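Notes follow once the structure below has been shown.
Because the structure is a prediction, the values reported are computed rather than measured.
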Amino acid sequence: MSIRVRFAPSPTGDLHVGGARTALFNWLLARKHGGTFVLRVEDTDGARNTAEAAAGILKGMRWLGLDWDEGPDVGGDCGPYFQSQRKDLYDAYFKKLEDAGRVYAEPDGAMRFKFSRTAITVHDLVCGDVTFAPTEEPDMTIRRLDGSYIFHFVNVVDDIEMRISHVIRGEDHLSNTWKHIDLFNAFGATAPTYAHIPLILNPDGTKMSKRDEGSAIEHSYMHAGFLPDAVFNYLCMLGWTPKAESEKLSRAELTALFDADAIHSSNAKFDLKKAQWFNAQYLRELSPADLLQHARPFLTASGLQWTDDAMAAAAVHSVREKVSLLTELPEWVHYFFREDFPFEADVVTKLKAKPENASLLKAASDQLAQAAEWTEQSVHDAVEAAAKALSVKPGAMMPLLRFALSGQSRGPGVTTIAHLIGKEKTISRIQRATAEALCA
RNA sequence: GACCCCUUCGUCUAGCGGUUAGGACACAUCCCUUUCACGGAUGCGACACGAGUUCAAUUCUCGUAGGGGUCGCCA
């Protein structure tokens with residue numbers, strides 16, 4: 001039997017980390033076994049669903065690289081993939097229940113499913129066998145008076161129709177799974193294999209909701225400067241530990257290692273710091289061109305412009321080990337792109353305290369101006385020569401040059417900055433710094 | 001209230017009867033270093049509690065406490 005899994009979000013809001021990880025695990029199971037990953041939009045609640053939310057969820061899925069084999073935009077043999085377009089099918093299944101005498105009407109017309117009221121055991125890959133005693137709950141409503149159907153009903157019908165073999169979903173569904181099995185039984189269908197995964201909690205242990213930090217994929221990750229691979233990797237580590245030496249694993253490795261049986265059964269708290277650590281790891285491995293590609297929207301958003309991509313790529317690449325999020329990049333590289341960068345006040349104060357700094361800078365500038373070629377090595381040699389002539393260490397000159405060239409007291413190597421901006425700008429920036437910041 | 005799931009360093013976790021209880025993130029210190037980082041080293045730091053089973057429990061069983069979830073004409 002081929003493996004067919006599905007991710008079935010309800011478009012009531014943005015893609016949430018919990019949902020993203022659910023989708024992720026389903027995707028991993030499908031990819032590992034060469035199965036099919038279905039995306040089904042559960043939009044039966046017209047009052048709460050919006051087209052924007054549906055589009056947002058698809059966008060988030062694509063960003064994370066969770067491609068689906070059947071679903072919106074790609075189609076498939078079991079469509080349509082929006083529940084709002086499957087009413088005829090639901091009516092037909094409802095008729096089956098009606099013929100079997102398993103439904104009855106409420107006074108107002110809503111329809112209820114008559115529970116079997118027998119003990120029902122859920123065979124769960126994560127939680128083991130969980131048996132629910134014959135229920136004393138009221139029979140559940142499956143069709144509203146307006147004729148639309150309720151989640152439990154459509155969810156089961158679609159899982160049957162779409163031949164879903166495994167259902168990996170949040171543990172919040174475990175308590176209702178017996179109702180689904182009761183429905184599968186009523187239809188004479190075999191229930192899929194279940195795997196209820198633990199929930200992702202806030203750092204304080206409370207349930208993570210849409211408003212919480214780190215909850216929305218688009219807002220907290222896409223726009224916050226995360227790389228899809230890093231988020232993908234981090235989310236996997238929440239509730240599952242691959243049998244591997246490192247926690248940093250590629251999609252291919254994660255796919256090969258995936259084992260639904262090994263998913264934990266206890267909830268996990270979200271840790272933004274660790275997510276950022278993963279991001280920093282992935283950021284550093286990017287080639288200059290790839291890094292620039294990811295950084296571009298963040299750079300332009302902060303007003304930086306350039307015409308030379310190679311130079312821009314080299315600039316961001318030079319600070320790749322200093323940031324953990326793409327959003328931090330602009331403040332680290334802005335001076336590569338403009339001549340009117342600000343001089344940080346506290347650095348100015350510090351450097352002004354020593355009057356001799358101005359002459360030191362002048363000496364360095366004169367020496368650099370004489371450089372025949374312009375490489376990191378030649379810049380280094382020029383600074384060293386200037387320092388030697390004045391009997392000071394090169395280390396005394398570097399902070400001054402860094403300040404003159406960037407307005408800051410931290411950043412990539414001074415020689416790297418000088419080399420990248422070129423000789424002309426190096427000299428003019430030193431003049432500007434001397435005139436605007438270091439003059440008495 | 002009823003039912004269900006869960007419980008190892010601050011966090012994510014390894015462990016599947018006998019371990020100096022291991023790793024990662026975070027934090028601290030040191031080293032490296034023209035800055036900031038990176039990297040390296042070291043340190044800090046946990047088996048919720050109580051019974052039982054056993055020669056031996058973090059590991060098995062039960063109970064207690066705590067956390068989470070479900071009980072909708074939401075999904």
Side-chain angles (χ1 to χ4, degrees), chain A residues 8-13 19 41-45 47-49 83 106 108-112 122 124 126-128 130-133 135-138 140-152 154-155 169-179 196-201 203-208 234 236-243 245-248 264-278 280-281 284 318-324 328 332 347 380 383-384 387 393-403 406 408-417:
Chain A
S10 177
T12 54
V41 181
E42 306 219 330
D43 55 349
T44 57
D45 184 5
R48 299 187 185 204
N49 303 144
Q83 290 185 328
E106 283 287 286
D108 68 5
M111 303 297 290
R112 283 183 189 266
V122 178
D124 195 280
V126 174
C127 303
V130 182
T131 299
F132 293 84
T135 188
E136 290 178 20
E137 277 182 36
M140 72 173 161
T141 304
I142 57 173
R143 195 177 77 179
R144 304 184 182 92
L145 48 143
D146 68 1
S148 63
Y149 295 91
I150 300 299
F151 161 72
H152 301 293
V154 294
N155 190 267
R169 62 186 3 171
E171 194 203 274
D172 49 336
H173 288 290
L174 181 60
S175 298
N176 282 325
T177 301
W178 64 269
K179 297 175 185 175
H196 286 90
I197 65 178
L199 270 22
I200 297 176
L201 272 25
D204 67 0
T206 56
K207 187 184 183 184
M208 189 176 256
Y234 173 67
C236 281
M237 297 304 121
L238 243 32
W240 172 48
T241 307
K243 292 262 181 278
E245 287 296 306
S246 171
E247 291 185 34
K248 183 174 169 299
H264 310 149
S265 47
S266 58
N267 293 341
K269 287 172 187 156
F270 176 78
D271 184 354
L272 188 62
K273 281 273 181 57
K274 189 148 187 175
Q276 291 179 351
W277 175 79
F278 271 105
Q281 300 299 310
R284 284 181 217 156
S318 74
V319 298
R320 69 190 182 286
E321 287 182 345
K322 303 176 190 304
V323 302
S324 59
E328 299 165 25
W332 283 89
V347 188
H380 183 269
V383 174
E384 195 167 53
K393 293 178 182 173
M397 246 163 201
M398 291 300 184
L400 289 168
L401 281 166
R402 172 185 305 289
F403 170 77
S406 72
Q408 303 182 347
S409 59
R410 49 175 202 175
V414 171
T415 52
T416 302
I417 299 175

Item to check | Evaluation steps, side-chain contact (heavy atoms from CB on, under 4.5 Å), between A/Met397 and A/Val414 | outcome: CA-CA 10 Å; A/Met397 246 163 201; A/Val414 171; over 6 Å; no
Item to check | Residues A/Asp124, A/Leu174; criterion side-chain contact (heavy atoms from CB on, under 4.5 Å); working and verdict | outcome: CA-CA 9 Å; A/Asp124 195 280; A/Leu174 181 60; 4.3 Å; yes
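The A/Asp45 side chain lies nearest to B/A75 when the options are B/A75, B/C5, B/C36. Distances from the side chain of A/Lys273 to the nucleotides B/C4, B/C25, B/U34 place B/C25 closest. Which of B/A37, B/A14, B/G68 sits closest to the side chain of A/Lys243 comes down to B/A14. Comparing B/G15, B/U35, B/C71 against the side chain of A/Arg402 picks out B/U35 as the nearest. The side chain of A/Glu321 approaches B/A37 more closely than any other nucleotide in the set B/G68, B/C74, B/A37. Relative to the side chain of A/Ser175, the nucleotides B/C5, B/U70, B/G23 differ in distance, and B/U70 lies closest. When distances run from any side-chain atom of A/Ile150 to the nucleotides B/U13, B/C74, B/U34, the shortest one goes to B/C74. Taking every side-chain heavy atom of A/Lys207 into account, B/G69 is the closest of B/C6, B/G69, B/C4. Taking only side-chain atoms of A/Glu171, from C-beta outward, the nucleotide of B/G68, B/A75, B/U11 with the closest atom is B/G68.
OP1 and OP2 of B/C5 both lie 4.0 Å or more from every side-chain N or O belonging to A/His173. Regarding contacts with the backbone of B/C71, a side-chain N or O of A/Asn176 is found under 4.0 angstrom from either OP1 or OP2. Contact check, A/Arg169 against B/A75: no side-chain N or O comes under 4.0 Å of OP1 or OP2. Contact annotation: A/Thr135 side-chain N/O to B/C71 OP1/OP2 distance is not under 4.0 Å.
Rounded to whole angstrom, the span from the CZ atom of A/Phe278 across to the C1' atom of B/C38 amounts to 18 Å. Remark: P of B/C3 and CD of A/Glu137 are 12 Å apart, rounded to the nearest angstrom. Atom NZ in A/Lys248 sits about 13 Å away from atom P in B/C25, given to the nearest Å. In this entry the distance linking CG of A/Leu199 with P of B/C4 reads 18 Å, nearest Å. In this entry the distance linking CG of A/Asp271 with P of B/A24 reads 15 Å, nearest Å. Atom P of nucleotide B/U70 and atom CG of A/Leu174 are separated by 11 Å, given to the nearest angstrom. Following rounding to the nearest Å, A/Leu201 (CG) and B/U7 (P) show an atom-to-atom distance of 14 Å. Rounded to whole angstrom, the span from the NZ atom of A/Lys269 across to the P atom of B/G67 amounts to 11 Å.
Between A/Lys274 and A/Glu247, at least one side-chain nitrogen of the basic residue sits less than 4.0 Å from a carboxylate oxygen of the acidic one, meeting the salt-bridge criterion. A/Lys179 has a carboxylate O that lies under 4.0 Å from a charged side-chain N of A/Glu137, or vice versa, which qualifies the two as a salt bridge.
At the heavy-atom level, A/Ser409 lies under 4.0 Å from base atoms of the strands shown. Here A/Val414 lies in heavy-atom contact (under 4.0 Å) with a base. As judged by a 4.0 angstrom heavy-atom cut-off over every strand, A/Gly170 is placed among residues making no nucleic acid contact. Contacts of A/Asp172 with the nucleic acid, taken as non-hydrogen atoms under 4.0 Å apart, involve only primed sugar atoms and P, OP1 or OP2. At the heavy-atom level, A/Pro412 lies under 4.0 Å from base atoms of the strands shown. Note on A/Glu247: a base of the nucleic acid sits closer than 4.0 angstrom, heavy atoms only. Residue A/Arg320 is out of contact with every strand shown, counting any heavy-atom pair closer than 4.0 Å. Backbone-only engagement by A/Gly205 is indicated by non-hydrogen atom pairs under 4.0 Å involving sugar-phosphate atoms exclusively. Nucleic acid contact for A/His196: none, since no nucleic acid atom lies under 4.0 Å from a heavy atom of the residue. A/Ser246 comes within 4.0 angstrom of no nucleic acid atom, judged by non-hydrogen atoms across all strands. Backbone-only contact: A/Ser266 has heavy atoms under 4.0 Å from sugar-phosphate atoms and none from a base.
When atom types are taken as modelled, the side chain of A/Arg48 and the backbone of A/Ser10 share no donor-acceptor pair closer than 3.5 angstrom. Between the side chain of A/Asn155 and the backbone N or O of A/Phe151, no donor-acceptor pair lies under 3.5 Å.
Of the nucleotides present, B/C60 is the one that pairs with B/G52 by Watson-Crick or G-U wobble criteria, both distances under 3.5 Å. Nucleotide B/U70 forms a Watson-Crick or G-U wobble pair with B/A2, both donor-acceptor distances falling under 3.5 Å. Of all nucleotides present, only B/A65 satisfies the Watson-Crick or G-U wobble test against B/U7, with each distance under 3.5 Å. Applying the Watson-Crick and G-U wobble criteria (two distances, each under 3.5 Å), B/U19 pairs with nothing in any strand. Base pairing of B/C30 is made with B/G40, judged by Watson-Crick or G-U wobble geometry with both donor-acceptor distances under 3.5 Å. The partner of B/C47 is absent, by the rule that a Watson-Crick or G-U pair needs both atom distances under 3.5 Å.
With a 6.0 Å cutoff to the six-membered ring centre and a 45° limit on the axis angle, A/Arg320 does not count as a cation-pi contact of A/Trp332.
Spacing between B/A26 and B/U34 at atom P, rounded to whole Å, works out to 25 Å. Taking the C1' atoms as reference points, B/G22 lies 15 Å from B/C16, given to the whole Å. B/A57 sits 15 Å from B/C49 when the C1' atoms are compared, rounded to a whole Å. Comparing the C1' positions of B/U54 and B/C62 gives a spacing of 16 Å, expressed to the nearest Å. Between the P atoms of B/U11 and B/U7, the separation comes to 14 Å (whole Å). For the C1' atoms, the distance linking B/G17 with B/C9 amounts to 23 Å, nearest Å. Across the C1' atoms, B/G39 and B/G15 are found 30 Å apart, a figure rounded to whole Å. Using atom C1' as the reference point in both B/C44 and B/C55, the two lie 36 Å apart (nearest Å).
Between A/Phe278 and A/Tyr234, the ring planes are tilted. Angles from 30° to 60° get that label.
Looking at A/Lys322, its side chain comes within 3.5 Å of the base of B/C36 through a donor and an acceptor atom. Scanning atom types as modelled, no donor and acceptor separated by under 3.5 angstrom connect the side chain of A/Lys274 and the base of B/A26.
Summarising the geometry of A/Leu201 relative to A/Lys207, their closest heavy-atom pair is CD1-CA, 4.4 Å, with the distance given to 0.1 Å.
Checked against A/His152 for a side chain to side chain contact (heavy atoms under 4.5 Å, CB included), the options A/Thr177, A/Ile142, A/Asn176 give a single hit: A/Asn176.
Each of A/Ala110 and A/Phe132 has a nearest nucleotide on RNA chain B; the 5'-most of these lies closest to A/Phe132. Taking for each of A/Arg144 and A/Thr241 the nucleotide of RNA chain B with the nearest heavy atom, the 5'-most of the two is the partner of A/Thr241.
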